[in-house]
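Notes to accompany the following structure.
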Amino acid sequence: MSAATQLSPAAGALTGLARALVQQGKLRPDRAEALARKATQSNTQFIDELVAVREVTGLAPATIARFAADTFGHPLLDLSALDADQLPKDTIDRKLVAGLRILALRKRGNRLAVAVSDPTNTQALDQVKFQTQLALDIVVVEHDKLLPLIEKSAQSASQVIEKLIDDDVSFDDLLAENTAEPQTDDSSTVEVDDAPVVRFLQKLLLDAIAEGASDLHFEPYEKFYRVRFRVDGILREVSQPPLAIRERLVTRIKVVSRLDISEKRVPQDGRMKLALSGQRAVDFRVSTLPTLYGEKIVMRILDASQAKLGIDALGYEPDQKELMLQAIRRPYGMVLVTGPTGSGKTVSLYTCLNILNQPGVNISTAEDPAEIQLAGINQVNVNEKAGLTFANAMRAFLRQDPDVIMVGEIRDLETADIAIKAAQTGHMVMSTLHTNDAPATLVRLANMGVPAFNIASSIILITAQRLARRLCSCKQPAPVDKDALLAAGFSEADLDGSWTLYHAVGCDRCKGSGYKGRTGIYQVMPISEATQHLILHGANSMDIARQAQQEGVRDLRQSGLLKVKQGITTIDEVLGCTNE
């Protein structure tokens, strides 16, 4: 080692970029020590002080960037070609971006590419990794180009949020099922007026709508507080706000949802509306639940536009769509939609109601509560405490000269009995049940105590459904494993090479998941005369399923495999949502 690169005892304490520059003879040890001390005293970074004295050291930012990239093995990027408006917004907390001199470039899956001018600042990188919960891919950039871009990016993000909140969003038009005014005290009034909390909540709601989320989860824990979105059926963490704002955030949500902010011991249900640009409004159903460390809140997004997309957007095959339309247009009878919670039953029913919603048709619904609000339909919220049950609402409907009746769910024998009698006396009745498939629905009704002859004479069609994630446009052909496809349910004839099997890849549009949106998988089973005979003779669900197969009714797995052949989804998605 030459005299120029000999480290003094004090210089031996240098770390990171400073030590590397000294070791390679790019910077004198005494100069490096002085810059390191100054950075510590002024609470800045070594790279800040180094660039500030470029005339003295002869090290331009471009030279430092090339040296750091070569020495520490990271790619080098010229920031001149980047547009601040195209960078990810709010992936990294803005305070961290400014304080740590680190900028998010691209997010893909669970990895985040970040731009830094000093890749040895491990403390800053660790903070970002902890805040984002993402693995970091480090890219080295020139310091003098990084700082203006950080400032511009922060201004751009701030302007976007300000515009969205100030111009497009209004909480003035609120809807709530609970008509009681929220109870407040002096402390809570101060909390509600906390502008940062209000803006944070508004931004979360906007982000959830933009990403197509179905639910927002606000979850308190002992050491942290997190917010998650359910997008395409999958929960994903989007934020970990400070624990200190937990109570203020809960209070704000309760106030706009017309809930009692003084009651924290029992669950509450409410409703609110968010108006966007004066042309579109999105409703939220709000549910609170006391937990060990505070109240958990789940907000379900109820977008009425979903029911107006039309039956073609739901994913029915042409033959299934025709069977459904024929059934709902009959003057009387019962149509049942079945599936687990979150399988899209309500959207399917409201799509059918929207088709029937004509000036000459009287439609009444009983729900707990009404999730989608449609003009022209008489909607009733069930209120068990007040005595307004599904059964009582159905009895009232029959005195209201209805053409179409929709009951949110058949939960007991009384409701089932009234619904079936309504279907037998000249009304079209629609409802939902929680069963695994269409044949099991008939057995479930029998187990409730509904007589077999009533089931056979009233039900005209049953639809079982699931939701599978739809492949994003970034999908790629997948290698074909013949044995795996046969095990999944494909036949030898299906594997004729006339179609392409795809797998999920991931891109910026789908946030790296490989999926964008969801499609329905359906089993549409009309009740034929042969099936009616089986019902009357007390057949089990397997006997009914065999009869349906003979009549050409595809079960859920077969319908899902058809979506795979069409390149809409993957074999893994179908197996996951039709696993019996």
Side-chain angles (χ1 to χ4, degrees), residues 83-94 104-110 112 132 134 153-171 173 196-218 226-241 249 252-253 256 272-286 297-309 313 342 344 347 371-372 467 469-474 506-519:
D83 182 1
D85 294 333
Q86 302 302 317
L87 297 176
K89 302 295 188 299
D90 295 329
T91 304
I92 305 174
D93 184 271
R94 274 180 282 170
L105 297 177
R106 184 189 65 194
K107 182 176 178 292
R108 177 167 290 179
N110 65 342
L112 178 67
T132 62
L134 298 170
S153 176
Q155 290 174 349
S156 174
S158 177
Q159 289 167 359
V160 168
I161 294 170
E162 291 290 335
K163 186 177 187 304
L164 283 172
I165 293 175
D166 293 341
D167 296 341
D168 292 341
V169 183
S170 170
F171 280 92
D173 187 12
V197 171
V198 172
R199 293 185 179 277
F200 176 70
L201 175 60
Q202 290 175 333
K203 184 180 182 303
L204 282 176
L205 299 182
L206 290 169
D207 287 347
I209 294 168
E211 293 186 24
S214 60
D215 302 88
L216 297 85
H217 293 241
F218 298 81
R226 73 176 176 184
V227 182
R228 295 193 290 175
F229 292 171
R230 187 180 292 280
V231 181
D232 296 336
I234 307 297
L235 275 173
R236 176 172 57 84
E237 183 175 315
V238 295
S239 178
Q240 279 200 19
L249 192 57
R252 176 63 186 173
I253 294 172
V256 296
M272 56 168 280
K273 176 181 282 188
L274 184 64
L276 303 174
S277 302
Q279 298 180 4
R280 181 187 172 200
V282 177
D283 290 295
F284 293 80
R285 192 178 73 197
V286 181
I297 293 182
V298 175
M299 304 177 73
R300 168 153 290 192
I301 299 176
L302 310 173
D303 193 350
S305 63
Q306 294 289 316
K308 298 177 182 178
L309 293 175
V347 171
E371 292 192 1
I372 299 172
L467 289 178
R469 289 186 293 172
R470 184 187 291 269
L471 277 167
C472 178
S473 57
C474 64
C507 64
D508 292 336
R509 180 173 178 266
C510 61
K511 309 286 187 185
S513 70
Y515 299 93
K516 187 70 175 176
R518 289 193 287 179
T519 186

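When reading the values below, keep in mind they use all heavy atoms of this one structure, side chains included, and skip hydrogens, waters and symmetry mates.
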What's the separation between atom [atom1] in [X] and atom [atom2] in [Y], rounded to the nearest 0.5 Å?
| X | Y | atom1 | atom2 | answer |
| --- | --- | --- | --- | --- |
| Leu201 | Leu274 | CG | CG | 9.0 Å |
| His217 | Met299 | NE2 | CE | 11.5 Å |
| Ile301 | Glu211 | CD1 | CD | 9.5 Å |
| Phe218 | Ile253 | CZ | CD1 | 4.0 Å |
| Leu235 | Arg226 | CG | CZ | 8.0 Å |
| Arg470 | Thr519 | CZ | OG1 | 4.0 Å |

Checklist entry - Do other residues, nucleotides or ligands put more than 12 heavy atoms under 6.0 Å from the CZ atom of Arg106? => result no

Checklist entry - Between Arg252 and Val198, is a side chain to side chain contact (heavy atoms under 4.5 Å, CB included) present by the stated rule, with each step listed? => result CA-CA 7 Å; Arg252 176 63 186 173; Val198 172; 3.8 Å; yes

Item to check | Passing option when Cys507 is tested against Cys474, Ser513, Ser473 for side chain to side chain contact (heavy atoms under 4.5 Å, CB included) | outcome: Cys474

Next on the checklist: Between Phe200 and Ser239, is the side chain to side chain contact (heavy atoms under 4.5 Å, CB included) condition met? List the steps.
Outcome noted: CA-CA 10 Å; Phe200 176 70; Ser239 178; 3.6 Å; yes

Checklist entry - Nearest heavy-atom pair of Ala104 and Leu112: which atoms, and what distance? => result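 Heavy atoms only, the tightest pair is CB-CD1, 4.0 Å.
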
Flag side-chain contact, heavy atom, 4.5 Å: [X] against [Y]:
| X | Y | value |
| --- | --- | --- |
| Val282 | Leu302 | no |
| Gln202 | Asp207 | no |
| Arg228 | Val238 | no |
| Tyr515 | Ile234 | no |
| Ile209 | Phe284 | yes |

Next on the checklist: Quick test of your reading of the model: are Asp232 and Arg469 salt-bridged, counting only N-O distances below 4.0 Å?
Outcome noted: no

